[in-house]
Amino acid sequence: MGDIVLSIVAKLAEYTVGPILDHARYLCCFNNIAGNLPNAKEELELTRNSVKERVEKAIMRTEIIEPAVEKWLKDVEKVLEEVHMLQGRISEVSKSYFRRQFQYFLTKEIARKIEKMAQLNHNSKFEPFSKIAELPGMKYYSSKDFVRFKSRESTYENLLEALKDKSACTIGLVGLGGSGKTTLAKEVGKKAEELKLFEKVVMATVSQTPNITSIQMQIADKLGLKFEEKTEEGRAQRLSERLRTGTTLLILDDVWEKLEFGAIGIPYNENNKGCGVILTTRSREVCISMQCQTIIELNLLAGNEAWDLFKLNANITDESPYALKGVATKIVDECKGLAIAIVTVGSTLKGKTVKEWELALSRLKDSEPLDIPKGLRSPYACLGLSYDNLTNELAKSLFLLCSIFPEDHEIDLEDLFRFGKGMGLPGTFGTMEKARREMQIAVSILIDCYLLLEASKKERVKMHDMVRDVALWIASKTGKAILASTGMDPRMLLEDETIKDKRAISLWDLKNGQLLDDDQLNCPSLEILLFHSTEVDFDVSNACFERLKMIKILAILTSSLIWRRRELMKPFGTSYLSLSLPQSMESLQNLHTLCLRGHILGDISILESLQALEVLDLRNSSFIELPNGIASLKKLKLLDLFNCVIREHNAYEVIGRCLQLNELYLCIYLCAYEEFPHNISLSRLERYVLNFKMYSQSWTDMMEEHRPCRALCINGFNASVQSFMSLPIKDFFQKAEYLHLRDLKGGYENVIPSMVPQGMNHLTFLILEDCPEIKCVFDGTTMQTEDAFSSLVILRLYELDNLEEVFNDPSSRCSLKSLEELSIESCRQLYNISFPKNSKLCHLKFLTIDHCPMLTCIFKPSIVQTLELLEQVTISDCFELKQIIEEVEEGSVDYVSSQSHTSLMLPKLRTLTILRCHSLEYIFPMCYAHGLASLEELNIGFCDKLKYVFGSEKEHDLRVYQHQSHPQTNIHINFLNLETLRLTELPNLVEIWPKYFDPHLPNLKELQCIDCPRLPDSWVRRVMIIDSDLQQDSTTTEKELLCSVTTTFNQLSDQVLSSKLRHLQLYGLGVKGLFQFQIREHGSNTELAPLNLDLIYAELSDLPELEFIWKGPTNFLSLQMLDVIYVNRCPKLKVIFSPTIVRSLPMLRTLEITHCGELEQIFDSGDAQTLYTCSQQVCFPNLHYICVEKCNKLKYLFHNFVAGHFHNLIALEIKDCSQLQKVFAFECETDDDGQEGIVMDGEKVLLRNLLRIRLSRLPNFKEIHHGFKLKDDVEEHIINDCPKYYPSLYLHTEE
C-alpha cells in the first residue's frame, strides 16, 4: 500500500514540479538560454553546409537526391529564418516596458528553437543519400560505335569523376586489346568537352613503337598549332607552352611502354591546372611506370551485354530460328566478351544458314592458335574465324598484305593496290582498271567485317592492332610468314633463324640504312621486301639481291604515297637521301612492283633489265635520265614519275614510246627547259595524272583529297584552236575528270565547244586560271549536245581578264546538276554569270565571288528555288553588284512572290558574307528571310549604298505592304541558329528588316556593329529581346536604347535577354543607353535574383550620345563571364558600372577606358556603406591590366573598393586625367595618420603582383592607395608630369 502511495506521489511530482521548474527557468534564465541560441544556429549552419556540399557532389555525379534530404534542407532553411527573426526580437526586448513578461515568452520560444535545431542536427545522417539515375540501356546510343552497357557505365562514370578531380592529372585506362578502350576513351572525351571540363580534348595514337614526332604532330594538328621548329626538343618546348595555355585533356591511345612526357612536350599538371591525360594501354605496368594517379580497368562484356551486342551485329531478332539462336549463344560464349571479336564474328555470320553457323562454332572450338600470348587464345580464334569465313580470295590476300604496314598506319589504298598487283593476287589479272574494281570490292568486304577500319582521310584504311596481330599469326600458320618490324636494324636479319621461311619482310623507320653489307640475304621464298626510313641513306650491297629470285615486290621508301613535292633531304638538312642501285638487281626477273620513293638514284639504267616489271614507282625521286629501255618493258602497266627531278630532257620522248601503259602519273622537274609535247598519244591509258609546270599547294591538296582518275594540269599550253582537234594530246583534255589550265593561249574563247565539242560529261573539276582569251566557259549557241558539264562538281575561275559571262546558253544545253562549288575571282570584265535558264543547282554548297567589279547580278529567282543545299556564300569586291537575286516584274516566268515557296528558299545556308559591294542596296528580298532556318553567321561590311539587309525599298514601305492584301502587319521570323551578326562600315544602312517583321534570335553569341551611323538604335532591342510576352513600350526614349526590357517580376528569367551573347562590339552609333531593365512590382516580397548575362567581351567605341551602359534595379545583372571591356570615346558617359551590376566580376582580366571626358566613376559609389559592404568580397580576382586615359572628371578609379581585392593586378597605366587623385580611395580614410585605412586594408602586402606602373600627365595625382609602397621587384615604374606623386620607400617582400 505504501509503494502505491509513493508511486502516485512521484507521478504527481513529475507532472507538476517539472513544468513548474521549466517555467521558472523561462523567467530566470533568459540570458543563459538566449546565449545558447547562436551556438545552436552555427552548429546547424555547419551541418547544412556539409549536406549541401554532399548534394553538389552527388549532382555532379548525375545522382538523384533522396526526397528526405531535400525536405530536411527546406526545414533547416525555414528554422534558420525563424531564428534570424527571433534574434532581432531578442535585441529589442530590453527596451520594452513589459520586459520581464516578454522575456518569459521569448525564452520559451528560444528553447523550442534550440531543441528543434538539435533535432535537425541529429537527423542529418541520411542513408541512402542519393541514387544513380536509371539509364536507358540498349536504347541509348551516344555514337555509332558506342553502346552504353551497364558494366561499362561504372567505368564511364569513374573516368568522368577522375577528370573532375583535378588532382588526378594522369589517368590510366587498362584492358585487353580489342575490349573497347579506345571507343570508351573517345566517348568520355566527348562528354568532358560537352561538360566544359576542359577547353580542348585531343586524342593521339601512340602505338607499340612510339614515334615522338608523330605524337607531337597529332596533338599539334588538333590544337591548330603549327611548328616552325625542326628538332623534337624544339617542338616539345613549343607544344609545352601551348598546353600550359588554358586547359586541355590529352587522350593518348594504345600506349605500350613508358612515355617521357617531357620529350613529347606534355607538361605535368601544375597546381591542378592545365593539361590532363588519359592513356589507354593493355598493361597495368605501363600505368604504374607512368605514375597514373588513377588506374581504371575496363572489363570484358558481361553475358547478357555480349549477347545484345552480338544480336545487333548478326541481325538476330525474335523471329530468327530457334536452332540458330541456340548456336549463336554458344558462339557468343566462345568470344569471351571481347567487343571487337563479338562485332567481327557477328558481322561475318550475318545472313548465313544454320549449318554454316554450326560449322563456325565447331571451328571456333577446335582452333589452336600458335605463338599467342597467354589470355589471347579465344580472341585470336574469333578473328581467325572471321578471316576463314571470307569467301572472296582477294579480300583474304589483301587482309594478310595489310599486316606488312606498321601499327596504326593509315594504309593508302593506292599502295595496297600497287603491292597487290605486284603479288599477282587473285582478281588482279587483266587490265589495271578491272583489278582496281576487284580490289575496291574486296576492301569493302573487309571494312564491312570490321577487319579493316576507315581512316581519317579518303582512300585510306587502318587495321586494329589486334586484328593486325591475328593477320600475322594467320600468315605464319598458312606458310606465308611475315616479318614486320619498326625501328629494327636490318643487319639483325642474319641472326634470325626463321628468316629463310619468310614470304615478306617489312622494316619501317630504319635508323641504319646499311643493308647487310656484302652478305647475301638467304630468303629463297621471299616475295616482298620493304625498307622505309625518313632519316638515312640506303647502302645496298651488290650481293644483297642475288638469292632473291622469287621476289615480286621491292619497295625502298621515304614516305607513303604523297602528292606534294618532298625535299630530298635528311632531317636537319645534313645531306641528301641517296640510294645507288646495285648490279645484282638485274637478277630480279620475277619483280613485278618496284617502288623507290624519295631518293637520289643517279643512274637507273639497270631498270631496263627487269622484264617482268608491271609497276614502276619512282615518285619524289631524282635521277639522271629516264632509260630508253623503259619503253621496251612490255609488261609495264603503271609508271609513276610524279614530282621527279630528271637531269636530262629525254623523258617525254621515252614516255611517248611507252604504248603499253595503262596508268601514268607525271610531274617532272626538268633541269633543261622543255615544252609540254603535243604529240603524245597513249591510247591504252585508263588513268593519268599529268602536271606540267603547275606547282601549287591547292593542286596537291586537291589531288590528296579527291584522287581523280584522270587529271590534266598544264601551265602555258599553246596550240591554236584550229589545230587542237588534230593533236594527239587532245584525248587527255577530253577524257579528263580534273582539268586545270593556266595561261591558255591559241585563240580559245571558251572551253566548250572549242576543246571538247561533246560536252565533257565526265569532267568533275574544272579550274581556269589567268587565261586572257577566255570570254565564256560554255558557249551553247553552236552546239547540239545536251547535258554538258553534267558531272561537274567544282568550277573555279581565277583572273580571266576577258571573261564576260560564265555560261552563254540560251537553249539550256548545259547541266549543272552535280555542281557543289563555284568560285569566281578577279574576273574584271564579268558582267553576268548567266546560269542556264533551266539549271537546277540542287547540289551547290559553296559560292565564292571576289573582285568581279562589273558583275551586276548573280541569281534569277527561279534559280534560287533550286539551291536546296547551299551552305556558304561569300561575295566581295563586286563594286557594280546591284542585286544578288534579280528583281523581276510580277508576271515574269522568273517571278517569285513573297507568299510562294518560302519553305524552300536557302534552307541550308549557314554562312553569308558580303563585303565591299558598293552598289548593293539590299541583300535578300523579304521572302527569302523566312527560309534561313540554318543561318549561323551573317557578316556584312563596307557596302557604301546598302540600306537594308532583308527587304527592298518597296518591301520596307509599310503602306505598300498592307496594300498588297496582307492581313497582318507583324510577321515573326526565326533565326534559331544565328550565332554571329557583324555589320561593319555601312554608312547608309537604315534597317536590317522591315518594321513589320519581328525577328527571333535566341542563340546570338556575337553582335558587332561598327560605323553604321544611320541605323536606328532600336533595332538591336528587337535582336536581343527574345521573350515575346514582354511588354515593350515604344516611347521616344526607349527607341534611343540598345535594349530595353519592361516586365513584371514573375515573367523575368534568363530567357528575357539573349543570355548566350558572348561578344558585343559597337562603334559609331547614336545610342543613348545600352541595357535598361524595368520591373513592374505587384506585391511580391520575394528577393529579386540576378539575371545572368554570359558576356565575355565588350567593346564600346565612338558612341557620342551614350549616357549609360546598364540601368535597372540594384544588383540586378550578373556578368560572371566578362573577360575584357573596352570603352573609348563616349564623351557623355558618367559611369561604367552602375549599381545594376553585381559587384563581383570574377573573370575580368582587362579594363581599358579612354577619351571619356564626362566620366566621373568607373563604379557608381551609390550608398557608401552599401558599396563598402559589397566590396568585402573579392571582386576582381583575375584583373591583370587597367588602362585609363583622358578621363578628366575622374577623381578615383575605385571608390570604396579594397586594394587587397586586386591581388592579380600586374599592370596599371593612367594618362591625361587632370582631376585624378588616387586609384583606390575610401570615404572613411584619414589624411593624418591613415589608421583607418590600415585597418581596412590590413597588415598584409597589397597589390603584391603589380609589376608595371605608368603614370603620365596627372597634375593632381597623389597616391595609388593610402600607404602604398613600391615592391623591390617592380619591373617598370615610369612617372611623367605627376608633381604631387611621391612614391613611398620600397617595401621588401619575403620570398
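Residues E749 and D779 fail the side-chain proximity criterion, which asks for heavy atoms closer than 4.5 Å. Here the side chains of L641 and I655 are in contact, with some heavy-atom distance below 4.5 Å. Residues H740 and M694 are in side-chain contact: their nearest non-hydrogen atoms beyond the backbone lie under 4.5 Å apart. In this structure, F778 and L795 have side chains that are not in contact, with every pair of non-hydrogen atoms separated by 4.5 Å or more. Contact annotation: the side chain of Y831 approaches that of E805 to within less than 4.5 Å [non-hydrogen atoms, C-beta and beyond]. You'll find the side chain of L920 reaches within 4.5 Å of the side chain of I884, heavy atoms only. Within the 4.5 Å cutoff, the side chain of K735 has no heavy atoms near those of the L685 side chain. Counting only heavy atoms from C-beta outward, the side chains of Y665 and L638 approach each other to under 4.5 Å.
Note that CD1 of I992 is 7.5 Å distant from CG of L938, once rounded to the nearest 0.5 Å. The distance from atom CG of L847 to atom CD of E871, rounded to the nearest 0.5 Å, is 12.5 Å. One distance of note links OH of Y652 with CD1 of I646; it measures 8.0 Å at 0.5 Å rounding. One finds the CZ atom of R916 at 10.0 Å from the SG atom of C878 (value rounded to the nearest 0.5 Å). Taking CD1 of I824 as the reference point, atom CG of L803 lies at 7.5 Å (rounded to 0.5 Å). We find the CZ-CZ distance between R687 and R710 to be 8.5 Å, quoted to the nearest 0.5 Å.
At distances below 3.5 Å, at least one donor-acceptor pair connects side-chain atoms of D640 with backbone N or O atoms of F642. Without hydrogens or angle criteria, S790 side chain to S815 main chain gives no donor-acceptor distance under 3.5 Å. Y688 places a side-chain N or O within 3.5 Å of a backbone atom of A736 that can act as its donor or acceptor partner. Within the 3.5 Å criterion, the main-chain N or O of L819 finds no donor-acceptor partner in the side chain of H843. A donor-acceptor pair is defined here as one N or O able to donate and one able to accept, closer than 3.5 Å; no such pair exists between the side chain of S818 and the backbone of V793.
Salt-bridge annotation for E773 and K745: absent, with no side-chain N of the basic residue lying under 4.0 Å from a carboxylate O of the acidic one. With respect to the salt-bridge test (charged N to carboxylate O, under 4.0 angstrom), the residues E937 and R982 qualify. Electrostatic pairing of E614 and R418 does not count as a salt bridge here, judged by no charged N lying under 4.0 Å from a carboxylate O. A salt bridge does not link E921 to K947: none of the charged nitrogens lies less than 4.0 Å from a carboxylate oxygen. Ion pairing between E804 and K775 fails under the 4.0 Å rule for side-chain N and carboxylate O. Salt-bridge annotation for R707 and E737: absent, with no side-chain N of the basic residue lying under 4.0 Å from a carboxylate O of the acidic one. The existence of a salt bridge linking R436 and E663 is confirmed by a sub-4.0 Å separation between a basic side-chain nitrogen and an acidic carboxylate oxygen. In summary, D770 and R742 do not engage in a salt bridge, as defined by a charged side-chain N under 4.0 Å from a carboxylate O.
Counting non-hydrogen atoms of neighbouring residues, nucleotides and ligands closer than 6.0 angstrom, the NZ atom of K908 reaches no more than 12 such neighbours. The environment of NZ in K458 is crowded: more than 12 heavy-atom neighbours from other residues, nucleotides or ligands sit within 6.0 Å. R657 CZ: more than 12 foreign heavy atoms inside a 6.0 Å radius. At most 12 non-hydrogen atoms from other residues, nucleotides or ligands lie less than 6.0 angstrom from CE of M854. Summarising the local packing, NZ of K882 is surrounded by more than 12 heavy atoms from other residues, nucleotides or ligands at distances under 6.0 Å.
The side-chain contact (heavy atoms from CB on, under 4.5 Å) search around D731 returns Q734, not counting sequence neighbours. Every residue meeting the ring-ring contact (aromatic ring centres under 6.0 Å, His included) condition with F765, not counting sequence neighbours, appears here in chain and number order: H706, Y738.
The heavy-atom pair separating V615 from K421 by the smallest distance is CG2-CG, 4.3 Å. For L932 against L909, the heavy-atom pair with the smallest separation is CD2-CD2, 4.0 Å. P907 and E868 make their closest contact through CG-O, 3.6 Å (heavy atoms, listed as atom of the first residue, atom of the second, distance). Here the closest non-hydrogen pair linking A719 and L727 is CB-CD1, 3.7 Å. Residues C814 and S839 come closest through the heavy atom pair O-OG, 4.4 Å. Taking each heavy atom of E880 and S919 in turn, the nearest pair found is CA-OG, 3.7 Å.
Taking the six-membered ring for Trp and the full ring otherwise, F950 and F975 have centroids separated by under 6.0 Å.
The only option from Q883, E991, E887 that meets the side-chain hydrogen bond (donor to acceptor under 3.5 Å, both in side chains) definition with Y922 turns out to be E887.
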Audit row: S876, D850, side chain to side chain donor-acceptor pair (under 3.5 Å) steps and yes/no:
CA-CA 5 Å; S876 56; D850 179 54; 2.5 Å; yes
For N808 and N750, what are the C-alpha separation, side-chain angles and deciding distance, and is it a side-chain contact (heavy atoms from CB on, under 4.5 Å)?
CA-CA 10 Å; N808 181 13; N750 55 67; over 6 Å; no
Verdict with supporting geometry, F733 and L741, side-chain contact (heavy atoms from CB on, under 4.5 Å)
CA-CA 10 Å; F733 285 82; L741 302 176; 3.7 Å; yes
Taking it one step at a time, do L661 and L636 satisfy side-chain contact (heavy atoms from CB on, under 4.5 Å)?
CA-CA 6 Å; L661 290 178; L636 187 64; 3.9 Å; yes
So S456 and E410, side chain to side chain donor-acceptor pair (under 3.5 Å) or not? Walk me through it.
CA-CA 8 Å; S456 60; E410 293 197 352; 2.8 Å; yes
Please report the C-alpha distance between N939 and T874 in whole Å, then the side-chain angles of each, then the deciding distance to 0.1 Å, and finally whether the side-chain contact (heavy atoms from CB on, under 4.5 Å) criterion is met.
CA-CA 9 Å; N939 183 13; T874 302; over 6 Å; no
